[in-house]
Q: 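Here it is, the structure, as structure tokens.
Quick note on labels: first sequence line is chain A, next is B, and so on, each numbered from 1. The basis for the numbers below is simple: all heavy atoms, side chains too, and nothing from hydrogens, waters or symmetry mates.
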Amino acid sequence: FELAWVHANAAAQSEQRVKAGFDAWLAETGKTDWNVSLLDSGGSGEATASNIQDAASRGVNAIVITMADLRASRAALDAAKAANIPVFAVDSGYTDGVLVDITTNNWAMSSDVSVYLLDQMGGKGNLIFLRMAEHHGTRKRGDVMETVLKEYPDVKVLAEHNIDYTAFFEDTNKTMEDYVARFGNEINAVWAPWDEPAQAAVNVLNAAGLKDVKVIGIDGHPQAIAEVCKPDSQMIATVSQPFEKMGAQVGEWIQEIVIDKKSADDVLPAKTVYMDAPLVTKKNCKDFM
Amino acid sequence: MSDLTHSASADRRDTVFGIIPKDYVQRYSTLVVLVLMFVVFTVTVDKFLTPQNLLNIAQQISMLTIVGAGLTFGFAAKEMDLSVGFTVGLAGVLVPLMLVAGWSLPVALIVGLVAGFLVGALNAGLVTLVGIPSLIATLATGSILFGVNFLLTGGRAIYGGLPDSFLWLGQGRIMGVPVLAYFMIAAVALAWFVMERTIFGRYIYAVGGNQKAAELSGVKVRRYKAAALIVCALFAVVAGTLLSARLGSGQPNAGERYLLDGLATVFIGMTMLRPGTATVLGTFFGALFIGVINNGLNLMGMDTYIQSIVKGVIILVAVAVVSRSTKLNLL
Amino acid sequence: MSDLTHSASADRRDTVFGIIPKDYVQRYSTLVVLVLMFVVFTVTVDKFLTPQNLLNIAQQISMLTIVGAGLTFGFAAKEMDLSVGFTVGLAGVLVPLMLVAGWSLPVALIVGLVAGFLVGALNAGLVTLVGIPSLIATLATGSILFGVNFLLTGGRAIYGGLPDSFLWLGQGRIMGVPVLAYFMIAAVALAWFVMERTIFGRYIYAVGGNQKAAELSGVKVRRYKAAALIVCALFAVVAGTLLSARLGSGQPNAGERYLLDGLATVFIGMTMLRPGTATVLGTFFGALFIGVINNGLNLMGMDTYIQSIVKGVIILVAVAVVSRSTKLNLL
Amino acid sequence: MEIVLSDITMQFPGTRALDGVNATFCTDEVHGLIGENGAGKSTLVNVLGGSLLPTSGTVQIDGRAVRLSSPHDALLQGIAHVSQEGSLVQGLSGAENILLGAEPRRMGVVIRAGSLNAQAQALLSRWFPQVQIDLRRPVGDLPMADRKVIEIVRALRGAARLVILDEPTATLPAREKEQLWGIIRSLPQQGVGVVLISHFLSEIKALSDRISVLRDGKHVRTAPASELSEHDLVDMMLRRSGGANLHGTTAAKIQGEVVLNLRDWQVGSVKVPNFHLHAGEIVGLIGLTGAGHTGFARSLHNPAGVQCGSLVVAGKPLKLGSVAQMQAAGIALVPDHRMEYALVGEWNLRENLAMVHPQHGTFGAGVLSIRREETEAQRVMGLLNVKAHGSGQLLKTLSGGNKQKISIGKWLYGAEGRYRVMIFIEPTEGVDIGAKAEIYAEMRRLAASGVGIIIASSDLLEIEAIAHRVIPFTHQRPGPEIPQSGFSESAFITAISGAAA
Ligand SMILES: Nc1ncnc2c1ncn2[C@@H]1O[C@H](COP(=O)(O)OP(=O)(O)OP(=O)(O)O)[C@@H](O)[C@H]1O
Ligand SMILES: Nc1ncnc2c1ncn2[C@@H]1O[C@H](COP(=O)(O)OP(=O)(O)OP(=O)(O)O)[C@@H](O)[C@H]1O
Ligand SMILES: [Mg+2]
Ligand SMILES: [Mg+2]
């Protein structure tokens, strides 16, 4: 059984976790005859399209795409459709030509954690707002925060920065250093669009000796959960996305639809399937470790 | 080495293995590796030699080839355009933005071309009038364009609302052949004709080959350096427009990888045909080289990271032969 | 026979505005822009001229400066290392991986250096023994290293489990000054000394300045070209190691932007001190230039995209002055 | 047509190359331009040819003021320029270079490749009927002499009214030189004027109708050639009496030990069965283009292309290795084509001088001492009387002859007593008559100090003045040696023009 796994950008931890969940499922169910080839698009929409197209020409039995923006791969998806190859998407947005997109609700996740942060701030204080518009998920999260903020007139956005995705960790680091120099202990909170920049922000705050800042991230990567769990850490919350479960779920659907030849309409609950993504705070973090 | 070998070698060509004239090795060895690779993939990879897949390759390399053809003009004039990726990106957001805003396709396309012309003219002015070396000038304009591209879209990608006539440019087919392939062939043919058969191309090569000599022969050096940079930007906006049509989306950072990839095609091209010189056909084969490797290894189902390693090794092997027999000066 | 003009013309230098000798403009104008920029930021930006912020800048440019210093060796020998970003990345994952796997810090650091040496030696061998132009050779080894870096980590970033002694290298301070700043100063001082005050450096400049003349003067050209490429890779692994210590994380693609940024520092450096020549101090000022712009505009609270535009414009303005009075040949 | 340069001043950083020069050039004469190295000759013709805009001064053509701000402007006025340092586009063929800027075209834009080759060939045969050059080959593959011919043909190709030739004969071998002389003489009758720069005073005197002399950037005098003796010319150039024989004569040789002994040498197709050189001796190698003497001389220092041969230097047999090894054994080479093979244009003079023996100016352990370097550089520059505004001047801004002095100076810097054999190829290429004397004096001094010297030169007068014995080469083989007693220009010409077949 030939499966092509197309990463939008394999360097992202979330994609790695989806893959890990899938691999664990493979091991659990003893699928030694599945031949999975990895194709990384390195963050390029065009490479994603080419990878899908090549996989279609190769005539694989199924294609999985993770964290891509599939609207930019329409033509390639048509090729897969023409070749009768089922395509499963993970957090890539439902587009004609894929069977299903399994994802989490970015608006919902952001509203959970954003409101939590603002409440923890007591509805007032100064905020650093880090955003990232290039990725649809982080963009939606930022848009939600922006909307929510309108209802908190006493919270002042000290600075807003769009993270440079190609070197997000270093970029966040440098930017936060500059903000710390500029605002010092005026900073009460940092909103980061996902966990890694949140971690970078926490590092900078610690290094500068700022002790009383509230930082949130989203994704719930193990390191982030551990950070939240540290009692004195300034990272107060994240949202746990069930990436591993998405991977395992994709495996199950492939088994049922492609191998067992069940009807997709029976197997799939919807075209876009949202999975639960609970808020992780210092109180409940132990449950996620 | 010396006068002595000289007169002798003119008629009695140097040979390799006693049969292949050395300058054939110099001109064609990289090309031979390309052909060999093609044969190996045909034999070992199932779906490689199918019309469908060959058209895929054509489609996949078309934008890269067009960017590379533009860079070839720059290289020929010994000017490097480091902003080319962002120029691709500029057209890639500007044209979709205009279309989404309701402008007609011809207007949007023309605005894209005009924008390319202006970028090229800016680069050209900085280089030929102010005298800033192109490496720095285009690095700086690249930084400026990066900002402009993201400002235009607010950082987000543009989707939807694009007319079918536009999408057809990037996704359609004529007689089964992708429209993109026709664009590529037209661009290569045009660039080849201009560079190899017209006075304009000859002068571009001349100002790059020896500026002083060109000057003393009455060639207007600045004019041709400027022209090369403008052509480079124009090819980049064509590629960027097609890219957004292919993706059905305007992505502000989609062009960035075209700089390094475009340079790679030109460099590989410089190892063949006229070693050490950037030629349009060389660049085309360079793009084909990269396209065939990517496609073949993908079809083999090779892991991306291993692909990257294998790609590096193939490039090294391909150019090692010619490098041993010629002194190549790429810059 | 020549003493007359000699003394006469020595004092009657060509001047700009009737007072500033023209060659001072050529050497120092970019530097003057740097100083002006510094003054402007000091006046207009609140927290700019604070010890804390200056140390921030030092810390922020330290890795870039180290990479740039390495590239300077390559440029001096007229060899370009396009793999430098991936070499930064290699050390940036290899050293953390070793540490996480339980190796001691000295062992991990030494393995990092050895890896850098091997990468440099591979580049050097391809260029000096096989004869592949460095632009192609390092493009290909870059592709190989990209694959290696991602294979090493399986594509994921390494977080956590790094010993404090390691993190201290990137985040610690000695007498209030970041450890990174000491590394930077040591690297610049060492590189400056080697390039400007030793025969080794002189020969590297010689093989870059005129290879044939160096050869006929008894300089072992290949040896010094090879040495330049090896030094470049060694500086890159030092920067990569420090980068991962600073980030507290090994990220396989964190080094990539060090190629273009590193080139930018070298190019800007080439507009000052000895215009047209890559010098260590020039590169250092080039990095400072970029660092001060980024920091100052950030402190002003300027939008990222507008920053990028402003940065491009400042670079153009800074080099325009010298470009008008000198013919700069960067490559 | 009459071109009048008035009050031309050209100021470079650190140097005033021209200082209020006035000159008039006409299309019915050959105008000789002389002056010592660095006098400003090239700068003046660069202004005339549009390559340089003067700091002040005016150019008038037939009474009209013109602004020549590029060579293109100058060409439009009918002024073509063959510059001192060669300039051709390496990647293009000879034919393409000859017609660069004037290609035969179809519909205004498309190059007619076929007629391009034919036209270029026709031009070559018209001006140099006896020279055979494959014009379809890239010029980078051609010998230097052929390249010069191509440059000259390029200048003569069109409707030029005035042709500037800046030291055209410095790198031309005898046969091409004679043809060029013929061309120069014939041009004024065809309404084409010539501005000729040369350090060969006899050549200037024989070819020119009028001669202008520059000294230290100032115009000294212009007069009909017939009114000036070579003697006067030297006086005006150097501001001293040219009465003495500037070339001097080389004392009879001191028979020292054999410093170099060579057997069964083969490099390329050149075969030298045996050759030896004594300490204190100066041996001249002469030959036509392609005769093999320069290749042989180079191979003694750079044995990379040597197929076989044995070499004994100062009693020690040498294994043929790299340049560095040959140098360590005591062999030095001052090559021809200095900008390509000897000097770094972007370096200053000090750095160029220290290139071979940087060890001399160090604290030891490879650490340079700028002060020591400076002291030694000053010594060498004084020794060779280099005209520069200091050792920090960039080499590329020196005049041609001064560059040549630096090329020689490299081997004197910190080298006292280091070399047993010194090879000079065209050592006075582009060097003025005064500096020539200085270089000869230096060579003689070196010989007297026990160095064995080999000089390969196409300037037969030079060989006659400096050598103790001469070995003529024909067809890649050395011919019978000519002892000093048998020296004469005609003897040399007979020997090299191949009585042997
Ligand atoms: N670009 C430059 N920058 C600085 N000085 C220069 C430059 N070009 C020429 N000079 C100086 O101008 C003076 C005149 O040089 P020029 O080349 O005209 O001499 P020349 O008479 O042609 O000498 P030669 O016989 O050696 O060729 C020299 O002192 C030279 O160093
Ligand atoms: N100084 C040098 N050292 C090494 N190689 C040289 C040198 N000068 C010239 N060459 C090489 O020799 C080739 C022929 O050079 P050139 O036309 O000067 O002939 P030549 O060997 O000097 O003979 P001649 O001057 O007697 O005609 C050049 O293209 C170059 O490759
Ligand atoms: Mg001159
Ligand atoms: Mg010669």
Q: Could you check which of B:Q211, B:R274, B:R202 has the highest count of heavy-atom pairs closer than 4.5 Å to chain D?
A: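 Highest number of pairs under 4.5 Å: B:R202.
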Q: Does the pair D:R154 and B:L216 meet the rule for a side-chain contact (heavy atoms from CB on, under 4.5 Å), with working shown?
A: CA-CA 10 Å; D:R154 181 179 66 194; B:L216 288 176; 4.2 Å; yes
Q: Check each atom of D:A102 against the heavy atoms of chain B and say whether the ones under 4.5 Å are side chain, backbone, both or neither.
A: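 Interface part for D:A102: backbone (N, CA, C, O).
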Q: Return the option, out of B:A206, B:G218, B:S217, with the maximum number of heavy-atom pairs under 4.5 Å with chain D.
A: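 Winner by heavy-atom pair count: B:S217.
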Q: Test side-chain contact (heavy atoms from CB on, under 4.5 Å) on D:S51 and B:E215; report intermediate values, then the result.
A: CA-CA 8 Å; D:S51 295; B:E215 234 166 18; 5.6 Å; no
Q: Side chains of D:S70 and B:K220: closer than 4.5 Å at any heavy-atom pair?
A: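 Not touching, per the 4.5 Å side-chain cut-off.
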Q: Looking only at side-chain N and O atoms, does B:Y203 offer a donor or acceptor that is under 3.5 Å from a partner on D:E103?
A: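 Yes - a donor-acceptor pair under 3.5 Å links their side chains.
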Q: When rounded to the nearest 0.5 angstrom, what is the spacing between CZ in D:R112 and CD1 in B:I199?
A: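 Taking CZ in D:R112 and CD1 in B:I199, the distance rounds to 11.0 Å.
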Q: Is it the side chain or the backbone of D:L116 that comes within 4.5 Å of chain B heavy atoms, both, or neither?
A: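 The answer is the side chain of D:L116.
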Q: Is it true that atom CZ of B:R223 has more than 12 heavy atoms of other residues, nucleotides or ligands lying nearer than 6.0 Å?
A: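 For B:R223, atom CZ is not crowded (no more than 12 foreign heavy atoms under 6.0 Å).
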Q: Tell me whether B:N210 contacts the main-chain N or O of D:S87 through its side chain, where contact means a donor paired with an acceptor under 3.5 Å.
A: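 Not at all, since once roles are kept as given, no pair shorter than 3.5 Å links the two residues.
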Q: Would you say that more than 12 heavy atoms from the other residues, nucleotides or ligands in this model lie under 6.0 Å from the CZ of B:F117, or not?
A: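 No, the 6.0 Å shell around CZ holds no more than 12 heavy atoms from other groups.
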Q: Is chain B contacted by the side chain of D:R106, its backbone, both, or neither, given a heavy-atom distance below 4.5 Å?
A: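 Neither; nothing under 4.5 Å.
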Q: Counting heavy-atom pairs under 4.5 Å with chain B, which one of D:V110, D:L75, D:L100 comes out on top?
A: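 Greatest number of close heavy-atom pairs with chain B: D:L100.
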